[in-house]
Amino acid sequence: MSTLEKVEKIDRRIVYLVLIIVVAAVLLRPIGLPIPISSSTKKYYDAINSLPPGSVVALGVDFDAGALPELGPMLEATLKQLFASDKKFVIFSLWGGGPAVSTIYLNKLKGLIESSGKKYGEDYVLLPYIAGGETAAAALAKDFKNTVKNDYYGTPVDQIPLLKNLNTAKDFALLITITAGTPGVEEYLRQWVSPFGIKFIVGALGVSAPNYMPYYTSGQIYGMIQGLRGAAEYELLVGSPSIAVSSMDALSAGHIVTIVFILLGNAVFLLRKYSRKEVKS
Amino acid sequence: MAISTDPSVWVAALLTIMAYTIIYKDNPLYKLAEHILVGLSAGYLFIQTWKMIYNSSLLPLFNGSGLLFGGITLVLGVLLFTKFSKKYFWLSNISIAVLVGTATGLTVRGYLFAQLIEQVKASIKVVTALQPLDIFNSVLSLIMVVCTLAYFLFTFEQKGALGWIAKFGRYTMMAAFGAAYGGTVMTRLTIFIQRMQYLLFTWLGLA
């Protein structure tokens, strides 16, 4: 087997090993690459800051544990910004794992919640999983209070002060979704944004963000955090650099390894193609 | 280096390593980790869904506040299980018809405005763009949309001018797929990096 053939047929476990070594090395010895802030992340941050005091925000935690590495930091930073602000918010979920993820971060931020002075039931509420996908999104938009009978902890909704005057999507100043897929952005666009004209910001996976760009460029999505890179930018804006910021160097190193192997593979492919042509001629 | 003494951290770390053994080759440790994940996810989702069904259908039925709503939804839900019967499977079609009809009606109503008309408006926003770069971006975007749509005109032979337009549309789509692939790489790497951070810092206590 020639050298080119050996490179072309390289065992993928060698690729994995190189990736593991590079990522581990950069995690243990960070480089400190700069993280410029993109306009879409800035608009996400500004959308929350620009709301009048006392505004109620609808926060859809629409992902489960599988998307925690990328969307968890976004949710944590969003909760930090909301708890530090003078806004109220309602957390709900169209995904089964959403409430569990929400409780993980609410427990993690217990100290911040206590120091913020925000009271459960008056300033923020956690609702349970609402099954039904798009029909659930539509039901919430049309009749928010009556779609859910209790909050996540079993308290009837008519005993929760914050939910008293929340009847339709119009009663919310902003809709946020941090979503791993469907149900998510398109369902909210069809059932909340288009009929009720509510301002809409999105936290999306890196794999999904390109699909939502048409909605961002058309203005239907006001601001968007795109993947872990967006989460790192958002953490810097919120003033609380955390896990996303610390992952940036390793992410860049991982991307460089991927690019090197893609270029190597294509170069070997082209060289073999031309050497076969020369042999034929 | 301060290795964690928390049993939950050890369980998570060992399950992570067991899952990653797949990159060497398929093995019983990987299968065990996979089955634990599937079982836990299914169990958790079952409980969450049951709680929702209980609160929205059963409770109103029992306390009389929603006899009609609770009764109808419960019956439709139970009818879905007739799918497993060779004799009565046709009853499940009633529930499926309600599900499909409701979802289609909601989607079509929203799709027209949210995803078609708004997107067409955004594609021709060149007339409202102000900055030179915005004008260039808008014009380029409009050309790419038209060329991409031309690629899918299969009722005409794609030669001559249409051939070139369709070819440019194909390159536009390739660029879009490249961007999507880049996003996919970032998502997969993120998951891997987060696991590495857990193993190196939370479990082994390095740095």
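Heavy atoms only: backbone and side chains are in, while hydrogens, waters and symmetry mates are out. These figures come from a predicted structure and were not determined experimentally. Naming: A, B, ... by sequence-line order, numbering from 1 per chain.
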Which portion of [X] sits near chain B, non-hydrogen atoms under 4.5 angstrom:
X	result
A/Ala244	neither
A/Arg229	both
A/Leu71	neither
A/Gln226	backbone
A/Ser246	both
A/Pro210	side chain
A/Tyr16	side chain
A/Leu17	neither
A/Thr258	side chain
A/Pro195	side chain

message = Students often mix this up, so state it plainly: with edges at 30° and 60°, are the rings of A/Phe144 and A/Trp192 parallel, tilted or perpendicular?
response =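 Perpendicular.
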key: Side-chain heavy-atom pair A/Asp151, A/Leu126 within 4.5 angstrom cut-off   =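 The answer is no; the side chains never approach within 4.5 Å.
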request  = Give me the contact list for residues 179-192 of chain B versus chain A, heavy atoms only, anything under 4.5 Å, ordered by residue number.
outcome  =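 The stretch touches chain A at B/Ala179, B/Ala180, B/Tyr181, B/Gly183, B/Thr184, B/Val185, B/Met186, B/Thr187, B/Leu189, B/Thr190, B/Ile191, B/Phe192.
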task = Could you have a look at B/Gln194, B/Met196, B/Gln197, B/Gln48 and say which one has the most heavy-atom pairs with chain A under 4.5 angstrom?
result =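 Among B/Gln194, B/Met196, B/Gln197, B/Gln48, the one with the most close pairs to chain A is B/Gln197.
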message = Shorter than 4.5 Å, heavy atoms on both sides: which option in B/Tyr111, B/Tyr24, B/Tyr198 has the most such pairs with chain A?
response =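 Greatest number of close heavy-atom pairs with chain A: B/Tyr24.
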[Y]/[X] salt bridge by N-O under 4.0 Å criterion:
X	Y	value
B/Glu34	B/Lys31	no
A/Arg190	A/Glu186	no
A/Asp158	A/Lys145	no

ask   = With no hydrogens and no angle check, do the side chains of B/Thr21 and B/Asn27 hold a donor and an acceptor under 3.5 Å apart?
value =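 B/Asn27 and B/Thr21 do have a side-chain donor-acceptor pair below 3.5 Å.
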ask   = For B/Ser57 and B/Thr73, does a side-chain donor sit closer than 3.5 Å to a side-chain acceptor?
value =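 There is such a pair between these side chains.
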message = Please tell me whether A/Tyr222 and A/Phe200 form a close aromatic pair, meaning their ring centres lie under 6.0 Å apart.
response =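 Here the rings of A/Phe200 and A/Tyr222 have centres that are no less than 6.0 Å from each other.
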Please check if the side chain of [X] supplies one atom and the backbone of [Y] the other of a donor-acceptor pair under 3.5 Å.
X	Y	result
A/Glu70	A/Gly206	yes
A/Gln220	B/Ala114	yes
A/Ser194	A/Leu189	no

Check whether [X] gets within reach of chain A through its side chain, its backbone, both or neither, counting any heavy atom under 4.5 Å.
X	answer
B/Thr107	both
B/Leu45	side chain
B/Arg109	side chain
B/Tyr44	side chain

Report, one line per pair, each donor and acceptor closer than 3.5 Å where one atom sits in a side chain of residues 20-28 of chain A; sequence neighbours left out.
none

Looking at [options], which one has more heavy-atom pairs under 4.5 Å with chain B than the rest?
options	answer
A/Asp64, A/Leu228, A/Leu19	A/Leu228
A/Glu187, A/Met213, A/Lys149, A/Gln191	A/Gln191
A/Arg13, A/His255, A/Arg12	A/Arg13
A/Gly133, A/Gly154, A/Pro214, A/Gly219	A/Pro214
A/Gly97, A/Ala65, A/Ala100, A/Pro128	A/Ala100
A/Ala209, A/Gly132, A/Ser247	A/Ser247

Count the heavy atoms of every other residue, nucleotide or ligand shown that sit under 6.0 Å from [atom1] of [X], and state whether that count exceeds 12.
X	atom1	answer
A/Lys142	NZ	no
B/Phe154	CZ	yes
B/Phe136	CZ	no

ask   = With a distance cut-off below 6.0 Å to the six-membered ring centre and an angular limit of 45° from the axis, does B/Lys83 pair with B/Tyr88 as a cation-pi contact?
value =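 Pair B/Lys83/B/Tyr88 does not count as cation-pi.
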ask   = Pick one: which of B/Gln115, B/Gln119, B/Glu118 meets side chain to side chain donor-acceptor pair (under 3.5 Å) with A/Tyr215?
value =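 With A/Tyr215 as partner, B/Gln115, B/Gln119, B/Glu118 yield a single side chain to side chain donor-acceptor pair (under 3.5 Å), made by B/Gln115.
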